[in-house]
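Side-chain atoms are counted along with the backbone in the values below, which use heavy atoms only and exclude waters and symmetry mates.
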Amino acid sequence: SNDPHFLLVGMHVLFADDSLDNQFIIENFLTGHGAIVSLASDGNEAVTKALNSDYHLVLMDIQMPKLDGYQAAKLLFNIGYTKPVIALTAEVITDNSAISQVQGFSGHLNKPFDFVEILDLILNYK
């Protein structure tokens with residue numbers, strides 16, 4: 001079916017961001033396309049949820065309280081977490097491969113969010 005409401009059916013995504021506005025926007029957007037979305041408000045919560053549930057991928061904001069996104073991702077990778085973790089950054093990163101190779105991220109998305117880009121990226125992991 002080409003119905004956009006079913007594009008992400010079967011996908012379970014963890015979205016980690018301390019902004020409730022961003023959580024609301026992304027949860028609505030992704031569930032509107034059929035995904036199941038779990039939310040985390042800081043790095044600690046993101047790590048705990050990632051390890052205790054079976055997500056297709058994690059969208060990880062870099063600037064979060066307690067543990068930032070880099071620290072949270074590093075913890076996950078050190079434990080041997082194998083699912084893709086996508087960095088969300090407000091600052092512009094010109095070299096996409098640099099951030100993903102150095103930090104272990106599978107890729108990154110810039111803020112403010114580009115919904116077409118988010119959809120394309122998530123569909124890569126379906």
Side-chain angles (χ1 to χ4, degrees):
S1 156
N2 290 327
D3 187 329
H5 295 106
F6 297 109
L7 272 175
L8 300 180
V9 165
M11 296 289 287
H12 192 186
V13 177
L14 175 62
F15 178 69
D17 194 314
D18 59 318
S19 158
L20 294 177
D21 286 345
N22 286 343
Q23 287 185 8
F24 180 80
I25 290 165
I26 294 297
E27 184 177 27
N28 276 330
F29 174 70
L30 295 180
T31 55
H33 287 86
I36 298 166
V37 180
S38 297
L39 300 170
S41 298
D42 62 57
N44 289 337
E45 195 183 354
V47 169
T48 302
K49 287 193 170 174
L51 295 176
N52 287 302
S53 220
D54 191 20
Y55 301 104
H56 288 88
L57 78 162
V58 179
L59 300 175
M60 180 86 75
D61 185 44
I62 292 307
Q63 297 185 307
M64 288 188 294
K66 296 183 185 164
L67 277 184
D68 69 25
Y70 287 125
Q71 295 165 320
K74 192 172 180 186
L75 257 178
L76 286 173
F77 300 141
N78 286 346
I79 292 166
Y81 192 75
T82 56
K83 296 297 172 67
V85 182
I86 308 299
L88 308 174
T89 57
E91 65 277 5
V92 176
I93 294 168
T94 48
D95 185 359
N96 198 1
S97 61
I99 181 175
S100 46
Q101 283 168 1
V102 174
Q103 304 290 350
F105 287 100
S106 297
H108 94 277
L109 292 166
N110 286 321
K111 291 175 163 188
F113 297 117
D114 175 333
F115 291 105
V116 174
E117 190 186 7
I118 291 173
L119 208 50
D120 282 350
L121 185 139
I122 294 176
L123 283 169
N124 284 336
Y125 297 104
K126 190 167 181 185

Enter the distance from [X]:[atom1] to [Y]:[atom2] here, rounded to the nearest 0.5 Å.
X	Y	atom1	atom2	answer
Leu8	Ile118	CG	CD1	10.5 Å
Ile122	His33	CD1	NE2	9.5 Å
Asn124	Ser106	CG	OG	10.5 Å
Asp68	Lys74	CG	NZ	11.0 Å
Glu27	Leu20	CD	CG	11.0 Å
His56	Ile36	NE2	CD1	9.0 Å

Is the shortest heavy-atom distance from the side chain of [X] to the side chain of [Y] under 4.5 Å?
X	Y	result
Lys83	Val58	no
Tyr81	Tyr55	yes
Asp42	Leu67	no
Leu7	Lys126	no
Ile79	Leu51	yes
Phe105	Ile62	yes
Asn22	Phe15	yes
Leu57	Met11	yes

Quick one: closest heavy-atom pair of [X] and [Y], and the distance?
X	Y	value
His108	Glu117	O-OE2, 4.4 Å
Val37	His12	N-CD2, 4.5 Å
Ala46	Ala16	CB-CB, 3.7 Å
Leu76	Met60	CD1-CE, 4.1 Å

*Is the CZ atom of Phe115 crowded by more than 12 outside heavy atoms at less than 6.0 Å?*
yes

*asked:* Looking at Asn78, I'd like to know if its CG atom is crowded, meaning that more than 12 non-hydrogen atoms belonging to other residues, nucleotides or ligands lie closer than 6.0 Å.
replied: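 Yes.
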
_Flag, side chain of Ser53 to backbone of Lys49, donor-acceptor distance under 3.5 Å_ = no

*Return yes if some donor-acceptor pair links the side-chain N/O of Gln23 with the main-chain N/O of Asp17 below 3.5 Å, else return no.*
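Yes, the answer is positive, given that a donor and an acceptor are paired below the 3.5 Å cut-off.
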
_Check for me, please, whether Leu88 and Phe24 land in the same ILVMFWY cluster - side-chain distances under 4.5 Å, paths through other members count._
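They do not share one cluster, since no chain of ILVMFWY contacts under 4.5 Å joins Leu88 to Phe24.
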
